[in-house]
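Throughout, a chain's letter reflects where its sequence line sits, starting with A, and its residues are numbered from 1.
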2 protein chains.
Amino acid sequence: MHTIKDVAKKANVSIATVSRIVNNQSGYSEETKRKVLAAIKELNYQPNALARGLINKRTHTIGVLLPHFINAFGMELLHGIEEKAHEEGLSVIICSTDSFGAKTMKYLQVLNEKRVDGVIIIGPKLEEEYYDYVKRMAVPVVLLGTEKFDNRLPSVQVDNRAIAYSAVKHLIDKGHERIGMIAFHENGPSLRADGYRKALEDNDIIFNQERIVFSSGFAFEDGVHFFRKLMLQAPDITAAYIISDEMAVGAITAADRLGIKVPHDVSIISHDNLRVADMSIPKLTAVSLPLRRMGRTAAEKVFQMIQTGRPSESSIMQHEIVERDSVCMLAKAVRAKQPC
Amino acid sequence: MHTIKDVAKKANVSIATVSRIVNNQSGYSEETKRKVLAAIKELNYQPNALARGLINKRTHTIGVLLPHFINAFGMELLHGIEEKAHEEGLSVIICSTDSFGAKTMKYLQVLNEKRVDGVIIIGPKLEEEYYDYVKRMAVPVVLLGTEKFDNRLPSVQVDNRAIAYSAVKHLIDKGHERIGMIAFHENGPSLRADGYRKALEDNDIIFNQERIVFSSGFAFEDGVHFFRKLMLQAPDITAAYIISDEMAVGAITAADRLGIKVPHDVSIISHDNLRVADMSIPKLTAVSLPLRRMGRTAAEKVFQMIQTGRPSESSIMQHEIVERDSVCMLAKAVRAKQPC
DNA sequence: TTGTACGCGTTATCAG
DNA sequence: CTGATAACGCGTACAA
């Protein structure tokens, strides 16, 4: 591995001159430029980013903390981040912290030692401990998540209350009134459950506690388990809002075993709109989240913050409903005609 | 951000002493150690990895090149890599090169400039250009893939011919003889198609060109498209080997539209055994690849190479067949009893 | 046990 | 236009 010195020697110039040319500043003749470039090519010289970072105080590297690596959800976010980051000349170091555990502080330290230029934290919430640490790191941090948010730090999110509202409203517009929900069990009030309730109230449908069930996860198995529970508690529902695609697929499987036909007997609208939504039978009508773009936006924010030095605004991303085959009109007259 | 100097000053010792303590070498009294540690804690000192890397010539960072970021397949590999790498104190920089394009050389350069300690390249094959470059980088490189392999570099792979053989054999053992296959279209002979053919021959079943169809991708849509094509070309098959889970799910969807019941009319065995395999209806019988472990193994290899300085052996990982509900016995007598 | 001083590969500030 | 030379933050012989 050759250094700038080797190049200087081979080209018969000083290292300062080589540096100028490499960083294309001004102050050299065409002639020397030619010589130096030739030497660089011949020696296959690559500047040492460590030395550069040491002096410039910029590493062109950011760190991404993401819990629950496995699922497609985080994947999409990460993909968006990576894409945008590389466009801006930033490398990304991934730190997968399954279920946001004790490892997180270790990762944060490593990122700090490596002097990353910024950090993106994916996750539903930010532990106080992490917040204190990144604050001391004094580098741009942006939060990327979908649940609560922490307005001490710039973030990119979606409005979960509005999303739930949209989803339930969609069901209502299709003629449903007895609507169930599989929500996520968390400490404190759930924004999604709120949105669900509000949508009902705004449409003069009375809220029934029996029709909402709280899952402990977002996976397929949770879907089959909690859909069964839901149907036991509220057998009269004609539709359900289920907060993840995988769970929705699980629900369809459970329904199948229960002899319930989707959407004929009960319509299902899901959340996220990942690839599976398009692969299930029937295809899932879902609230679509712009995951990829959210990742890109987060990367864009850190980049801006790195450039300007000033904090960025938070962003709420738009969602939309993608209609497919898991929801149908309730009215019997219509049902006959609809390809339900 | 404080430096080793600040610590030295605050503790009234030299930077050499601080350095010794930080890297816990020997040569200092308990007393000074206490003082220094106190100073470190107070100033919240974190060694600068750039400066360290500059002098130690080790960055404790590896790069991972992976094409087709999106799918769950690469995800699992990446997860395994990340897991093991962090266990060994290595950070991982991801470089996503959708469809292994021109960006790859750029990424390689960046990794080189950042002086990563090693590189893992995920992908079906290694372009000559990339090979030349990584060779000049003179850092450990391991290939992680599933198709061909390049014995100039250590790799971790699976034996695709053996896998296809197993899959088809499984079908044969279940009484099937007219077996179709959706293979991947590539330049040159396909290992999987080979294994398929060999399994047939070994069991005295004549190979029929019509029963094999070549897909241009691995996605759901490819599955629906090529399964239809397959059924058109070879309507008499009773089983099929399909080389990706997503495609298999697509095939089931296509079958559904064609009025073909899986596995009742045609059995399906798929490849990879990702999460979807467990989520489809019926659940997919599949050849399971130890993706996560493959990732871990790849990381382990680079780590070993970094430590020892000598090239590692290549590994062929074992596969297994996970029986679920998409394959059933052919014999009619049996079919009645089987939960097919 | 402890401190001094040099080098790692760059960039930037001066002179020339 | 060009070249010494001092940082950047750290590890490590070598000396004390």
A.B. asks: Is the shortest heavy-atom distance from the side chain of A/R34 to the side chain of A/E30 under 4.5 Å?
C.D. replies: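 Of all side-chain heavy-atom pairs linking A/E30 with A/R34, none is under 4.5 Å.
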A.B. asks: With the side chain of B/N56 defined as its heavy atoms from C-beta on, choose the nearest nucleotide among D/dG11, C/dT2, D/dG9.
C.D. replies: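 Nearest to the side-chain atoms of B/N56, counting from C-beta on, is D/dG11.
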A.B. asks: How do A/I15 and A/E30 order along DNA chain D: which one's closest nucleotide is nearer the 5' end?
C.D. replies: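 Per heavy-atom nearest nucleotide, the more 5' residue is A/E30.
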A.B. asks: Please determine, for the side chain of A/R52, which listed nucleotide (D/dC14, D/dC10, C/dT10) has the closest atom?
C.D. replies: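 So the side chain of A/R52 is nearest to C/dT10.
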A.B. asks: Expressed as a whole number of angstroms, how long is the span from B/K114:NZ to C/dG9:P?
C.D. replies: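 So the two atoms are 19 Å apart, to the nearest Å.
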A.B. asks: Send over the distance from A/L50 CG to C/dC8 P, rounded to a whole Å.
C.D. replies: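 These atoms are roughly 14 Å apart.
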A.B. asks: Can you name the nearest heavy-atom pair linking A/I94 to B/E82, along with the distance?
C.D. replies: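 Nearest heavy atoms, A/I94 then B/E82: O-OE2, 3.3 Å.
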A.B. asks: CZ of B/R20 versus C1' of D/dC10: gap in Å, rounded?
C.D. replies: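 It is 13 Å, rounded to the nearest whole Å.
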A.B. asks: Please figure out whether B/H2 or A/V13 has its closest DNA chain D nucleotide nearer the 5' end.
C.D. replies: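 Its nucleotide being nearer the 5' end, the pick is A/V13.
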A.B. asks: Where the side chain of A/A16 is concerned, which of C/dG9, D/dG3, D/dC14 is the nearest nucleotide?
C.D. replies: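 Of C/dG9, D/dG3, D/dC14, D/dG3 is nearest to the side chain of A/A16.
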A.B. asks: Could you state the CG-P distance from B/N12 to C/dT2, rounded to the nearest angstrom?
C.D. replies: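 Roughly 12 Å, once rounded to whole Å.
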A.B. asks: Could you state the atom-to-atom distance from OH of B/Y45 to C1' of D/dC10 in whole Å?
C.D. replies: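 My rounded result for the distance is 7 Å.
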A.B. asks: B/T3 side chain: which of C/dT4, D/dC8, D/dG9 is closest?
C.D. replies: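 Per side-chain heavy atoms of B/T3, the pick is D/dG9.
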A.B. asks: Taking all heavy atoms of A/L274 and all of A/A72, pick out the closest pair and write down the distance.
C.D. replies: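 Nearest heavy atoms, A/L274 then A/A72: CD1-CB, 3.9 Å.
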A.B. asks: Do B/S91 and A/K114 meet the criterion of a side-chain donor-acceptor pair at a distance under 3.5 Å?
C.D. replies: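 A/K114 and B/S91 do have a side-chain donor-acceptor pair below 3.5 Å.
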A.B. asks: What is the separation between atom CG on A/N23 and atom C1' on C/dG9, rounded to the nearest whole Å?
C.D. replies: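 Atom CG in A/N23 sits about 13 Å away from atom C1' in C/dG9.
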A.B. asks: Please state how far atom CG in B/L43 lies from atom P in D/dG9, giving the value in whole angstrom units.
C.D. replies: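 Rounding to the nearest Å, CG of B/L43 and P of D/dG9 are 14 Å apart.
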A.B. asks: Are any of the side-chain heavy atoms of B/S314 and B/N151 separated by less than 4.5 Å?
C.D. replies: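 They are not in contact (no side-chain heavy atoms under 4.5 Å apart), so the answer is no.
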A.B. asks: Over how many whole Å does the gap from B/R34 atom CZ to C/dT1 atom P extend?
C.D. replies: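 Taking CZ of B/R34 and P of C/dT1, I get 16 Å after rounding.
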A.B. asks: Compare side-chain N and O positions of B/T17 against OP1 and OP2 of C/dG3 and report whether any pair is under 4.0 Å apart.
C.D. replies: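 Affirmative; the distance criterion is met.
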A.B. asks: If you find the nucleotide of DNA chain C closest to B/T32 and the one closest to B/A51, which residue's nucleotide is nearer the 5' end?
C.D. replies: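 It is B/T32, whose closest nucleotide lies nearer the 5' terminus.
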A.B. asks: What's the closest nucleotide to the side chain of B/Y28 if the choices are D/dG11, D/dG9, C/dT2?
C.D. replies: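 When the side chain of B/Y28 is considered, C/dT2 is the closest of D/dG11, D/dG9, C/dT2.
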A.B. asks: Examine the base of D/dG9 for any acceptor or donor lying under 3.5 Å from a partner atom in the side chain of A/R115, and report the outcome as yes or no.
C.D. replies: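 No pair found.
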A.B. asks: With side-chain contact (heavy atoms from CB on, under 4.5 Å) as the test, pick out the partner of B/S315 among B/V142, B/T297, B/V158.
C.D. replies: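 Only one option passes, and that is B/T297.
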A.B. asks: What contact category does A/Q25 fall into here, base, sugar-phosphate, or nothing, at under 4.0 angstrom with non-hydrogen atoms?
C.D. replies: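 Sugar-phosphate, backbone atoms only, no base.
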A.B. asks: Output the single nucleotide from C/dG9, C/dG7, D/dT12 whose closest atom is nearest the side chain of B/I55.
C.D. replies: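 Of all the options, the side chain of B/I55 is nearest to C/dG7.
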A.B. asks: 5'-most contact on DNA chain C: B/K57 or B/S29, nearest heavy atom basis?
C.D. replies: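 First, find each residue's nearest nucleotide; the 5'-ward one identifies B/S29.
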